[in-house]
Amino acid sequence: MARSTVRAVLLGAPGSGKGTQAELLARSLEIPAISTGEMLRLAVSQGTELGDRVKGTMASGGLVDDGLMSEVVRERLTLDDARGGFLLDGYPRTIQQAATLDSLLERDGGALNAVVLLEVPEGVLVRRAVARRRADDREEVVRERLRVYHEKTEPLVEHYERRGLLRRVDGNREIGDVTAGILVALRG
Ligand code: ADP
């Protein structure tokens, strides 16, 4: 039997494990994990025009402009490998981005079919992020990213809940158990 196409968003605070899970799930489901954070970090490290434009914002823990992000995501979703499904990690992060995503997907007839929220207690998030030591993982930047998450991204939880797309998964477990939990949630 053909597996149904997964067009899903992973939602969760910085440090909730979205990136790790997106990679593992992508391998198991054979669909691309599309991480906007990774795409932007690559652009910064390669010194592209995009990279130069987003560098400062990323370093301060702020959000890159919605218009710029919509270009990045539009280009990525039109690549061939996203035709059979995808996991989005780090996008959308604002209500405006959610609306943009809907219209991008509507254009090629494949609406989202699940939004997985990885739930992890706040204290665990800060500990994980500071232990990770990425350039934007200094404690005050981590706290700023969490603040921005609560202000701008958390409203998406209710937004997708109202649409019946939200699946909550306990992210405060062993990596493999979280992956298994997400796979169950995607089937449900
Ligand atoms: P984390 O998973 O730790 O939250 P990401 O790797 O997803 O971090 O993103 C790192 C940074 O890249 C963000 O703090 C932000 O500055 C920028 N960024 C990534 N995705 C988006 C987006 N959808 N909208 C705006 N900025 C973004």
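The figures here come from the full heavy-atom set of this structure, side chains too, leaving out hydrogens, waters and symmetry mates. As the structure is a prediction and not an experimental result, all values here were calculated from the model. Order of appearance sets the numbers: ligands from 1, and atoms from 1 within every ligand.
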Do any nitrogen or oxygen atoms of ligand 1 lie under 3.5 Å from a protein nitrogen or oxygen, and which ones?
unit_1	atom_1	unit_2	atom_2	d
ligand 1	3 (O)	Arg132	NH2	3.2
ligand 1	3 (O)	Arg145	NH2	2.8
ligand 1	4 (O)	Arg93	NH2	2.8
ligand 1	6 (O)	Arg41	NH1	2.8
ligand 1	6 (O)	Arg41	NH2	3.0
ligand 1	7 (O)	Arg93	NH1	3.2
ligand 1	7 (O)	Arg93	NH2	3.1
ligand 1	8 (O)	Arg93	NH2	3.4
ligand 1	9 (O)	Arg93	NH2	3.4
ligand 1	16 (O)	Gly62	O	2.6
ligand 1	20 (N)	Thr36	OG1	2.8
ligand 1	20 (N)	Gly90	O	3.4
ligand 1	20 (N)	Arg93	NH1	3.0
ligand 1	23 (N)	Gly90	O	2.9
ligand 1	23 (N)	Gln97	OE1	3.0
ligand 1	24 (N)	Gln97	NE2	2.9
ligand 1	26 (N)	Val64	N	3.0

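- For Arg147 and Glu144, the salt-bridge test passes: some basic side-chain N is under 4.0 Å from an acidic carboxylate O.
- Between Asp81 and Arg76 there is a salt bridge, with a side-chain nitrogen of the basic residue lying less than 4.0 Å from a carboxylate oxygen of the acidic one.
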Throw together a table of side-chain donor-acceptor distances under 3.5 angstrom for residues 176-186, partners on residues two or more places apart or in other chains.
unit_1	atom_1	unit_2	atom_2	d
Thr179	OG1	Gln21	OE1	2.6
Thr179	OG1	Ile175	O	3.0

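- Between Asp137 and Arg145 there is a salt bridge, since at least one side-chain N of the basic residue sits less than 4.0 Å from a carboxylate O of the acidic one.
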Please tabulate, for side-chain N and O atoms in residues 35-47, each donor-acceptor pair with protein atoms closer than 3.5 Å (sequence neighbours left out).
unit_1	atom_1	unit_2	atom_2	d
Ser35	OG	Glu38	N	3.0
Thr36	OG1	Gly90	O	3.1
Glu38	OE2	Arg41	NH2	3.0
Ser45	OG	Leu42	O	3.0

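- By the side-chain contact (heavy atoms from CB on, under 4.5 Å) test, Arg163 pairs with Asp102, His159, Tyr160, Leu165, sequence neighbours left out.
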